[in-house]
Amino acid sequence: MKPHALVAHPDNAIVWHEDQLFLLDQRALPAETRFVVCENAAETARAIKDMVVRGAPAIGVTAAYGVVLSVRDHFQRSPADWRPGVDQDLKVLAAARPTAINLFWALERMRELLDQLDQLDPVPALLIEALRIHREDVAANQAMGDLGAALIEGPTDVITHCNAGALATGGYGTALGVVRSAYAAGKLGRVYADETRPWLQGSRLTAWELDQSGIPVTVQADNVAASLMARGGIGWVIVGSDRIAANGDVCNKIGTYGLAVLARYHGVRFMVAAPTSTIDLSVARGADIPIEERAADEVLSCGGTRVGPEAVGAHNPVFDVTPAELVDVIVTERGVIEQPTAEKLAALMAQR
Ligand SMILES: CSC[C@H]1O[C@H](OP(=O)(O)O)[C@H](O)[C@@H]1O
């Protein structure tokens with residue numbers, strides 16, 4: 001009998017159980033539900049890079065647990081001189097993926113605690129901090145869900161892109177957190193989930209999550225959104241984010257920018273739901289955000305079968321940037337920003 005903690009559920013994507021890190025393998029969903037166990041920082045970094053776990057906040061939460069694994073390893077090996085090995089592991093974790101700021105935000109928060117620790121055994125304090133980061137993320141998503149749902153008059157249908165759900169976070173979800181709260185409030189009819197080529201986060205993960213939650217969901221090819229908006233009945237496009245620049249430009253899954261242009265053309269409102277750990281005031285504008293390029297094979301294969309000619313390459317940027325002027329509202333756990341600007345973001349981030 002599997003322990004309750006390891007039941008495959010969207011809110012159980014990242015599990016610290018019996019002093020081990022278990023990750024629901026999102027490469028296999030929905031066909032197979034299996035967990036990958038990470039025993040150390042290197043395995044955790046590999047799991048992030050290979051997208052066993054993905055989604056900006058989920059990457060941050062996972063990296064925090066990766067730091068706990070690192071400290072436990074190095075403290076056990078060398079109780080008097082464990083820090084250098086941990087610092088090297090911090091670099092390995094930071095190199096896992098370049099775009100989601102939550103990875104670096106979580107590592108910096110763990111590093112700040114490391115710098116303060118002087119007790120003999122650092123592991124308990126670090127585990128408590130990682131668990132706190134995890135718990136805070138879920139609470140932020142629940143708060144955002146309610147704030148975002150309050151903006152929806154409804155009942156209406158919405159489009160979402162990629163997966164910004166429980167699987168992409170510590171639990172509950174950002175964009176899908178708004179979807180969950182709006183559905184519970186009777187404001188949501190149906191979610192149209194872009195399949196989100198090439199990794200299919202929408203048709204595999206969002207569809208699985210919403211189906212598990214009993215929320216009406218229809219998968220659509222990425223090029224259907226325009227005609228669906230033209231038909232009418234779509235009130236909102238609701239997406240997550242991997243990094244929001246100081247001026248309000250939003251970096252998110254490739255294809256988000258095109259959705260924002262279509263939404264503005266068709267008078268559909270465009271909502272970005274993201275915790276403040278996704279806002280990066282150190283980056284002035286979206287053009288300065290590093291965009292991850294992944295293997296050409298992700299584009300040239302589908303379901304493990306090569307679909308493109310062997311001799312042909314592929315361009316596979318996996319994020320793009322939506323200019324702030326195309327974003328109607330950014331929803332964070334601290335509050336809502338209509339028509340985001342640098343000034344409004346700075347004021348929000350100055351709040352404690
Ligand atoms: C809640 S943030 C989720 C965010 O992350 C996804 O990217 P990936 O699946 O490559 O990690 C996508 O951009 C989602 O919007």
Side-chain angles (χ1 to χ4, degrees), residues 10-11 13-14 23-27 29 47-63 96-106 134 137-138 140-142 144-145 148 159-180 193-209 222 237-244 249-260 270-280 286 289-295 298-299 316-322 327 330-333:
D11 286 309
I14 307 166
L23 300 174
L24 184 57
D25 191 342
Q26 299 189 35
R27 300 171 299 180
L29 288 174
I48 293 170
K49 181 174 179 56
D50 292 351
M51 297 175 69
V52 170
V53 60
R54 31 62 52 200
I59 289 171
V61 169
T62 301
R97 290 185 77 188
T99 303
I101 188 63
N102 312 65
L103 170 62
F104 312 106
W105 171 86
H134 194 165
D137 185 64
V138 177
N141 295 337
Q142 289 164 340
M144 276 190 280
I159 293 173
T160 193
H161 192 69
C162 195
N163 171 257
L167 291 171
T169 65
Y172 198 71
T174 55
L176 295 193
V178 173
V179 162
R180 283 183 167 88
D194 285 351
E195 63 177 346
T196 314
R197 286 269 307 147
W199 217 75
L200 305 179
Q201 290 92 331
S203 52
R204 296 189 302 109
L205 306 180
T206 290
W208 183 68
E209 272 203 50
D222 293 326
V237 171
I238 307 176
V239 297
S241 177
D242 294 82
R243 194 181 311 205
I244 297 174
D249 290 348
V250 172
C251 181
N252 195 49
K253 182 54 50 196
I254 191 76
T256 302
Y257 175 32
L259 268 183
F270 193 84
M271 179 191 300
V272 176
T276 49
S277 56
T278 302
I279 297 173
D280 182 3
I289 296 172
I291 300 295
E292 180 184 7
E293 295 251 358
R294 293 184 69 90
E298 288 185 359
V299 177
N316 187 20
V318 294
F319 298 106
D320 62 20
V321 174
T322 299
V327 178
I330 294 177
V331 177
T332 78
E333 74 281 12

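We count ligands from 1, going down the list as the structure has it; atoms in each ligand are counted the same way. Side chains are part of it too, since the values below use all heavy atoms of this structure and drop only hydrogens, waters and symmetry mates.
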*Just let me know how H161 lines up against ligand 1, side chain, backbone, both or neither, with a heavy-atom cut-off below 4.0 Å.*
neither
*Look only at the side chain of S241 and the backbone of C251, and say whether a donor-acceptor pair between them is shorter than 3.5 Å.*
yes
*So is V239 close enough to ligand 1, meaning a heavy atom under 4.0 angstrom away?*
no
*Quick one: do the T174 and N141 side chains pair a donor with an acceptor below 3.5 Å?*
no
_So is E292 touching ligand 1 or not, going by heavy atoms under 4.0 Å?_
no
*Looking only at atom types and distance, does a side-chain atom of R97 sit under 3.5 Å from a main-chain N or O of A56, one as donor and one as acceptor?*
no
_Exercise: do N163 and R54 side chains pair donor with acceptor under 3.5 Å_ = yes
*Side chain or backbone of W199 under 4.0 Å from ligand 1, or both, or neither, by non-hydrogen atoms?*
neither
*Could you tell me the residue and atom name of the protein heavy atom closest to atom 12 (C) of ligand 1, and the distance to it rounded to 0.1 Å?*
C162 SG, 3.3 Å
*Is atom OH of Y257 surrounded by more than 12 heavy atoms (other residues, nucleotides or ligands) closer than 6.0 Å?*
no
*Please state which part of K253 comes within less than 4.0 Å of ligand 1, counting heavy atoms only: side chain, backbone, both or neither.*
both
*asked:* Could you check whether any side-chain N or O of E209 sits under 3.5 Å from a backbone N or O of A166, counting only pairs where one atom can act as donor and the other as acceptor?
replied: yes
*Does some non-hydrogen atom of N252 fall short of 4.0 Å from ligand 1?*
yes
*asked:* Going by side chain to side chain contact (heavy atoms under 4.5 Å, CB included), T62 matches just one of N102, L103, L23. Which one?
replied: L23
_Salt-bridge present (D222, R197; N to O < 4.0 Å)_ = no
*asked:* Show the atoms of ligand 1 that are less than 4.0 angstrom away from any heavy atom in P57.
replied: 1 (C), 2 (S)
*For the side chain of E333 and the backbone of T276, is there at least one donor-acceptor N/O pair under 3.5 Å apart?*
yes
_Residue-level breakdown please: for N163 versus ligand 1, do any non-hydrogen atoms fall below 4.0 Å on the side chain, on the backbone, on both, or on neither?_
backbone
*Specify the protein heavy atom at minimum distance from atom 1 (C) of ligand 1: its residue, its atom name, and the distance to 0.1 Å.*
T174 OG1, 3.3 Å
*Check whether any N or O atom of Q201, backbone or side chain, sits under 3.5 Å from an N or O atom of ligand 1, and answer yes or no.*
yes
_Treating R294 as the side-chain partner and N316 as the backbone partner, does any N or O pair qualify as donor plus acceptor under 3.5 Å?_
no
*Of the backbone atoms (N, CA, C, O) and the side-chain heavy atoms from C-beta on, which set of R97 has a member under 4.0 Å from an atom of ligand 1: side chain, backbone, both, or neither?*
side chain
*Which option out of V53, D242, I59, L167 puts a heavy atom nearest to atom 4 (C) of ligand 1?*
D242
*Would you mind finding which of P275, S241, A273 brings a heavy atom closest to atom 2 (S) of ligand 1?*
S241
*Counting each atom of ligand 1 from 1 as listed, which ones have a heavy atom of G55 under 4.0 Å away?*
3 (C), 5 (O), 11 (O)
